[in-house]
Structures are given as C-alpha cells and as structure tokens.
Amino acid sequence: MLKTTFAILLVTLAVSPASAISRYNTTGMTCAAVQSAIDREGAAILRYPSTRVRNMTLYDRYVRGDRQCNTGEYAADSSVPTRDAKNCPVYKCEPRTNDRCSPFSFGRDC
C-alpha cells in the first residue's frame with residue numbers, strides 16, 4: 001500500500017504543471033515594488049528598455065538569492081531601471097567562474 005501511494009505521488013508530481021514565472025515592466029514600478037515582487041515570488045522576469053539600442057526591450061530572470069539559481073550559478077549583484085531609480089539593485093544568476101568552487105559551493109565568495 002505504501003509503495004502504491006508513493007508511486008501515485010511521484011506520477012502526480014511529474015505531470016503537474018510547472019509554476020509560471022511573473023513578468024514585470026520595471027519602468028512602471030518603483031524600485032521597492034520590483035524588489036518586493038522578487039522577494040515575494042523568489043524569481044521574476046524583468047523587462048526594461050535598452051539605453052543603447054532604440055526601441056529594443058531587454059529582459060532577464062532576476063532572483064531573491066542563490067537558492068533560486070541552478071547548480072553552478074550564484075546570485076550576482078545587478079541593477080535595473082525603475083520609475084524612481086536609474087539603477088535599482090537586484091540579483092540575477094551568473095555562472096561560477098572560479099575553478100576552486102564546486103557545483104555544491106553555495107557561498108558568494110566563489
């Protein structure tokens with residue numbers, strides 16, 4: 001009975017839909033609102049206009065911290081433009097580049 005229950009649970013988890021990630025246009029939000037959305041949801045896609053190429057929209061996935069990054073990545077300091085700040089501080093996942101760090105090193109010193 002326990003094996004059957006466990007098998008049903010595994011199948012249910014395997015076929016359940018992945019949770020959708022929210023998308024936000026940062027220029028219509030305050031810096032605090034952007035940071036709050038990322039903190040509340042763990043990760044979000046942020047969109048904003050390029051400062052170099054006219055009519056180009058840039059976007060990326062921004063995260064609360066290291067736990068939202070894949071193995072071999074860490075949450076690096078970044079920034080996005082918002083309604084009230086030219087450089088609102090946020091984090092985005094970047095690959096670890098230091099050879100001494102293993103994929104299981106979770107510290108930012110890597």
Y62 with M29, same ILVMFWY side-chain cluster at under 4.5 Å: yes
Pair Y91-S78, side chain to side chain contact (heavy atoms under 4.5 Å, CB included): steps then yes or no: CA-CA 5 Å; Y91 297 112; S78 189; over 6 Å; no
Minimum heavy-atom distance between E73 and C93, given as atom pair plus value: OE1-CB, 3.5 Å
Interatomic spacing from OH in Y48 to OG in S79 - rounded to 0.5 Å: 7.5 Å
Steps toward side chain to side chain contact (heavy atoms under 4.5 Å, CB included) verdict (L46, Y59): CA-CA 5 Å; L46 301 182; Y59 62 93; over 6 Å; no
With sequence neighbours excluded, residues passing side chain to side chain donor-acceptor pair (under 3.5 Å) with T30: none
Residues which pass salt bridge (Lys or Arg N to Asp or Glu O under 4.0 Å) with D39, listed by chain and number, not counting sequence neighbours: R64
Residue pair P89 / Q35: nearest heavy atoms and the distance that separates them: O-NE2, 2.8 Å
Interatomic distance, R61 atom CZ to R23 atom CZ [nearest 0.5 angstrom]: 11.5 Å
Rounded distance (nearest 0.5 Å) linking atom SG of C69 with atom CD of E94: 9.0 Å
Least distance between heavy atoms, T26 atom then P81 atom: OG1-O, 2.5 Å
Closest approach of A75 to V63 (non-hydrogen atoms, all atoms of both residues): CB-CG2, 4.1 Å
T27 to P49 - nearest heavy-atom pair and separation: CG2-CD, 3.6 Å
Any donor-acceptor pair under 3.5 Å from D84 side chain to C31 backbone: yes
Distance, nearest 0.5 Å, that separates CD of Q68 from CD of E41: 11.5 Å
Nearest heavy-atom neighbours spanning I21 and A43: CG1-O, 3.7 Å
Distance (rounded to the nearest 0.5 Å) between Y24 OH and T82 OG1: 15.0 Å
R96 CZ to D66 CG distance, which is reported to the nearest 0.5 Å: 6.0 Å
Candidate pair D60 and I45, rule side chain to side chain contact (heavy atoms under 4.5 Å, CB included), full reasoning: CA-CA 6 Å; D60 209 338; I45 302 293; over 6 Å; no
Within 6.0 angstrom of R40 CZ, more than 12 heavy atoms from elsewhere: yes
